[in-house]
Number of protein chains: 2
Amino acid sequence: MLSFTEENYLKAIVQHTLFDGISDEVGVNQLASTLNVKPATASDMVRRLKKKELVHYERYGKVSLTKQGQRLGMLVIRRHRLWETFLYSTLNFSWDEVHEVAEELEHVHSGKLMDRLDEFLGYPEFDPHGEAIPNCEGEIKIPFRMTVSEMSVGKPCKVIAVRDESVDFLRYLDRIGLAIGATVVVVHREEYDELTTLRIGEKDTVVSPKLTSNVYVVCGSCGKTKCSC
Amino acid sequence: MLSFTEENYLKAIVQHTLFDGISDEVGVNQLASTLNVKPATASDMVRRLKKKELVHYERYGKVSLTKQGQRLGMLVIRRHRLWETFLYSTLNFSWDEVHEVAEELEHVHSGKLMDRLDEFLGYPEFDPHGEAIPNCEGEIKIPFRMTVSEMSVGKPCKVIAVRDESVDFLRYLDRIGLAIGATVVVVHREEYDELTTLRIGEKDTVVSPKLTSNVYVVCGSCGKTKCSC
DNA sequence: TATAAAAGTTAGATTAGTCTAACAATAATG
DNA sequence: CATTATTGTTAGACTAATCTAACTTTTATA
């Protein structure tokens, strides 16, 4: 049985290698900073995960997941996302409240519980932030996704998910009317300071690259990520 | 914020002092044995709980709860019993499966979550074992209860709760048809070996004092614990 | 009431997870 | 390519929760 800490490390490694996927490996310092621990701590822990055959790792090298490590990490994420969905759809939490509570619920180790909850929720495909929910084997289809920052000017597109789950970010989106399913158009992109003017509904809002790079969209006409509309 | 361990100690002290209530204090060894730790461990821990002002305690003395300790212990029990009810009524777990999972869920610290869950469940008064659920202040009406072992011969009575939540015990009850709400009659009580013959529905079953002392009942005619029917 | 049994404590060790401070290896850059 | 910056490691210390082994206090009983 994995400890909370071990599960959090695996989850963080999945995020860096599978999801934010520039590379399938991650550095110890990077890991330390996502987990809010000092590099020394992460360095120790990575060696412990290696001994348990959950990660591949060599001294001064990068960290990547073994088959088993990936499976277990994905199951933590499955639990997290199913609980978020439950809190949002069944208990009427708002989308900025669910993450924090799910951080605790995700460590409850009962496969049966998660399968029953999944059934109760009607086998949802996505959590309240639009992220896909892994199946009970820890498998998931990771779609190639586009952010608003990569979207060409004038082309309507539809919001399908958000990457950042922080309360501040999600409340900000609520304020400017940006929700999952909303249609947005990049009205203007200022090269000088990278600010983007976004049309959401009827209203134009100027947003930062920090925002645009955290909102995933598909083409508004064909619904695909890569299209020629 | 309390640790899992601290919460488990408080819960155990509540069980011994408030619920199994012969006395409002409990010994260190007794505590150690319910928590499956060595006396030395419990002795240390009790001193830590005292420093946090959760228990009253003096060297070589007994342990009892402070106001705060009792409140926090009762809230753990509230969470446990609400989750049990959720697992049983919403996710269709059987009554012998709920306890184990609830042991993990009870440590999720979110008052809002519990209040919303309570609302979702329709403010249940009792968990699947017939035990009362404390309110969000940690308060509860502890009824004076009678067990089958105290019931007089020939008098029909109704099962309202069970004390033991172990899988073995609950499956045994299922097998002999003894459920919450069932009517039972003590047909015969053998003084020599304390075995009791119980009529459950149409069938007579011989049971031990271990069983009879773990099943709570009320009078079958008037529904009260103390009656003159 | 003296002694044995039960209950409880203390000292010293262990493991998981964390830290700081000093050091070492690798990568980036003038 | 030498120097600096970044990244990662090691050593030593700390806390929470546990253990064993030896010891002490309280309680029960012969």
Side-chain angles (χ1 to χ4, degrees), chain A residues 1-13 15-17 20 22-65 69 72-73 76 103-104 106-107 109, chain B residues 1-13 15-17 20 22-65 69 72-73 76 103-104 106-107 109:
Chain A
M1 180 83 78
L2 297 180
S3 69
F4 277 35
T5 308
E6 289 169 327
E7 290 189 337
N8 285 334
Y9 275 82
L10 290 182
K11 197 175 53 150
I13 302 169
Q15 307 275 13
H16 279 290
T17 61
D20 291 358
I22 298 113
S23 152
D24 68 338
E25 41 182 35
V26 62
V28 168
N29 279 15
Q30 225 177 328
L31 215 47
S33 99
T34 15
L35 289 160
N36 291 310
V37 297
K38 301 294 163 189
T41 309
S43 190
D44 276 0
M45 193 60 188
V46 161
R47 257 176 293 114
R48 288 225 297 282
L49 292 174
K50 188 197 160 130
K51 211 186 301 170
K52 291 199 173 187
E53 299 187 23
L54 298 168
V55 301
H56 301 295
Y57 169 72
E58 294 306 327
R59 231 166 75 115
Y60 290 106
K62 300 281 179 185
V63 184
S64 64
L65 291 162
L72 294 174
V76 180
E103 285 288 298
E104 289 192 58
E106 73 189 6
H107 299 293
H109 300 101
Chain B
M1 180 84 78
L2 298 180
S3 69
F4 278 35
T5 308
E6 290 168 326
E7 290 189 338
N8 285 334
Y9 275 82
L10 290 182
K11 199 176 50 151
I13 301 170
Q15 307 274 13
H16 276 109
T17 61
D20 290 1
I22 298 112
S23 152
D24 68 340
E25 41 182 33
V26 61
V28 169
N29 278 15
Q30 225 176 328
L31 215 47
S33 100
T34 9
L35 290 161
N36 290 309
V37 297
K38 301 295 164 191
T41 309
S43 189
D44 275 0
M45 192 60 186
V46 160
R47 258 176 295 113
R48 288 226 298 283
L49 292 175
K50 190 199 158 126
K51 211 187 302 170
K52 291 198 173 190
E53 301 186 21
L54 298 169
V55 300
H56 301 294
Y57 169 72
E58 295 305 329
R59 232 166 74 113
Y60 291 105
K62 299 280 179 187
V63 184
S64 64
L65 291 163
L72 295 175
V76 179
E103 285 288 299
E104 289 193 58
E106 74 189 7
H107 299 293
H109 299 102

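Below, read A as the first sequence line, B as the second, and so on, with proteins coming before strands; counting in each chain starts at 1.
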Exercise for review: Enter the distance from B/Gln30:CD to B/Ile13:CD1 here, rounded to the nearest 0.5 Å.
Suggested key: 11.0 Å
Review point. Hey, does the side chain of B/Arg59 come within less than 4.0 Å of D/dT24's phosphate (OP1/OP2), counting only N and O?
Key: no
**Study point:** Value rounded to 0.5 Å, distance of CZ in A/Arg48 from OG in A/Ser3
**Key:** 7.5 Å
Review point. If you take all heavy atoms of A/Val55 and A/Val46, which pair is closest and at what distance?
Key: CG2-O, 3.8 Å
Exercise for review: Could you tell me which residues satisfy side chain to side chain donor-acceptor pair (under 3.5 Å) with B/Lys62, sequence neighbours excluded, listed by chain and number?
Suggested key: none
Point to revise | A/Arg47 side-chain N/O to D/dT10 phosphate OP1/OP2 under 4.0 Å | key: yes
Give each protein N/O atom lying under 3.5 Å from an N/O atom of nucleotides 12-18 of chain D, with the pair distance.
| from | atom 1 | to | atom 2 | distance (Å) |
| --- | --- | --- | --- | --- |
| D/dA17 | OP1 | B/Ser3 | OG | 2.5 |
| D/dA17 | OP2 | B/Arg48 | NE | 3.4 |
| D/dA17 | OP2 | B/Arg48 | NH2 | 2.0 |
| D/dA17 | O5' | B/Arg48 | NH2 | 3.2 |

Practice item. To the nearest Å, give me how far apart CG (A/Leu31) and C1' (C/dG17) are. Key: 15 Å
Practice item. Starting from C1' on C/dG17, measure out to CG on A/Asn8 and report it in whole angstrom. Key: 12 Å
Revision key, fill the gap. Residues passing the side-chain contact (heavy atoms from CB on, under 4.5 Å) test with B/Ala12, sequence neighbours excluded, are B/Leu31, B/Leu35
Point to revise | Flag, side chain of B/Ser43 to backbone of B/Pro39, donor-acceptor distance under 3.5 Å | key: no
**Study point:** Interatomic distance, B/Asn29 CG vs C/dA5 C1' [rounded to whole Å]
**Key:** 13 Å
